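Heavy atoms only: backbone and side chains are in, while hydrogens, waters and symmetry mates are out. Each chain gets a letter, A, B and so on, in the order its sequence line appears, and its residues count up from 1. These numbers were taken from a predicted model, which means no experiment stands behind them.
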2 protein chains.
Amino acid sequence: MKTTRNTTAKTAVLEVFEKSRTALSHTEIQKQLNDVCDRVTIYRILDRLVNDDIVHKISNLDGTVKYAKCNHSNQRVHIHNHAHFSCENCHEITCLENVKPSYIMPHNYKVKEINFTLSGLCPNCLNSNI
Amino acid sequence: MKTTRNTTAKTAVLEVFEKSRTALSHTEIQKQLNDVCDRVTIYRILDRLVNDDIVHKISNLDGTVKYAKCNHSNQRVHIHNHAHFSCENCHEITCLENVKPSYIMPHNYKVKEINFTLSGLCPNCLNSNI
DNA sequence: ATTTTATCGCAACATTGTTGCAAATGATAA
DNA sequence: TTATCATTTGCAACAATGTTGCGATAAAAT
Ligand SMILES: [Zn+2]
Ligand SMILES: [Zn+2]
Ligand SMILES: [Zn+2]
Ligand SMILES: [Zn+2]
């Protein structure tokens, strides 16, 4: 069985996540890492973190992909059914841990994962009345 | 004011949408068009169609972007609040026009658009018990 | 038919993500 | 501590996707 190692690069990436209130793209992580490691390594670390349920991947309407730390890694069944908010002004993406959509599916579909992203203006940008 | 023109390329793209039951990526459209026009032109046509509320853009968890015809262009207020299903086996993306999520948002957010994509197995792939 | 301007083709570029392979390094046990 | 070995890394090269500038083309209106 494949074990996951704690490398300096991985630790650095996790620290970046720890410091961030919002979800981060590969590029944003790379900028904050200041050449701690190669671009490719970041991709591979992110893959592993997603695989190990430490981070979850968020895909935005505009095609950008971001990542955020999971704060429920302790749960037995690990699913990300919370919503995300994408601000059209500041482009920040945040987890809305308490927003979970309810819906009724037609028969004959097997749903395994959901991706619910809302976009518009975040509280910050709404207050600066843009 | 900018007016939109009906060009042969645009007509060809619309015909491709008309023939398709599922959402299409830029690459899929290009393949079906058989060099009717340049790759860049397809991008520009898609942009215009989205802008004119004739087509809507769907962004998938795996990072792929697809487009589907809107079948409610007549509505006064044009919003895409229906869900989409993305099959992890055949990779087809279909509009679930009747599935609309209900949810409760925290205050101070202004929601303008939602993107609700479910993934798993579509009826076709579920029946071929994979 | 003429005019206007939206659209197109092309080339060049930017960004994002992937792969193969030799070298480096973390974890484990001797 | 040292030896071992599978995991991880860096590098280089590649692939896919999307963007921009600009001169040429063509749709639509007069
Ligand atoms: Zn904002
Ligand atoms: Zn989240
Ligand atoms: Zn399927
Ligand atoms: Zn749809």
Return the 5'-most residue of the pair A:Val36, B:Val65 with respect to DNA chain D, ranking by each residue's nearest nucleotide. A:Val36

Using the C1' atoms of five pairs at each end, what's the angle between the two axes of the helix from C:dA1-D:dT30 to C:dA30-D:dT1, to 10 degrees? 40°

Of all of residues 4-16 of chain A, which get a heavy atom below 4.0 angstrom from DNA chain C, listed by number? A:Arg5, A:Asn6

Member of B:Ile42, B:Leu46, B:Thr41, B:Ile45 meeting the side-chain contact (heavy atoms from CB on, under 4.5 Å) criterion with B:Lys10: B:Ile45

Could you check whether B:Ser86 and B:Thr117, counting side-chain N and O atoms only, form a donor-acceptor pair closer than 3.5 Å? no

Output yes when at least one side-chain N/O atom of B:Thr27 is less than 4.0 Å from OP1 or OP2 of D:dA16, else no. no

Looking at A:Lys110, I want to see if its NZ is surrounded by more than 12 non-hydrogen atoms of other residues, nucleotides or ligands under 6.0 Å. no

In whole angstroms, how far is the C1' atom of C:dC8 from the CG atom of B:Leu33? 14 Å

The correct set of residues in residues 39-49 of chain A placing a heavy atom under 4.0 Å from DNA chain C is A:Arg39, A:Val40, A:Tyr43, A:Arg44

Whether B:His56 and B:His82 hold their rings parallel, tilted or perpendicular, with breakpoints at 30° and 60°: perpendicular

Mark yes or no for whether A:Thr11, through its side chain, and A:Thr7, through its backbone, hold a donor-acceptor pair below 3.5 Å. yes

Can you tell me if A:Ser59 uses its side chain to pair, donor with acceptor, with the backbone of B:Asn60 under 3.5 Å? yes

For residues 21-44 of chain B, which residue pairs qualify under ring pair (Phe, Tyr, Trp, His ring centres under 6.0 Å), counting only residues two or more places apart or in two chains? B:His26-B:Tyr43

Taking a hydrophobic cluster as the set of Ile, Leu, Val, Met, Phe, Trp and Tyr residues connected by side-chain heavy atoms closer than 4.5 Å, whether directly or through intermediates, do A:Ile114 and A:Leu96 fall within one such cluster? yes

Look for any protein N or O under 3.5 Å of an N or O in nucleotides 28-30 of chain C and output each such pair with its distance, or none.
none

If two hydrophobic side chains count as joined below 4.5 Å and joins carry through other members, does B:Phe116 share a cluster with A:Val111? yes

Rounding to a whole Å, what distance do you find between A:Asp52:CG and D:dT7:C1'? 13 Å

Backbone N or O of B:Val40 within a donor-acceptor pair of the B:Asp38 side chain at under 3.5 Å? yes

Nearest whole Å is fine: how far is D:dG18 P from B:Ile29 CD1? 10 Å

Out of curiosity, A:Leu33 CG to A:Glu28 CD, how far, rounded to the nearest 0.5 Å? 12.0 Å

From CG of B:Asp38 over to P of D:dG18, roughly how many Å is that when rounded to an integer? 15 Å

Regarding B:Ser25 and B:Thr64, do their side chains bring together a donor and an acceptor under 3.5 Å, going by distance alone? no

Please list, chain by chain and in numerical order, all residues satisfying ring-ring contact (aromatic ring centres under 6.0 Å, His included) with B:Phe85, sequence neighbours excluded. A:Tyr109

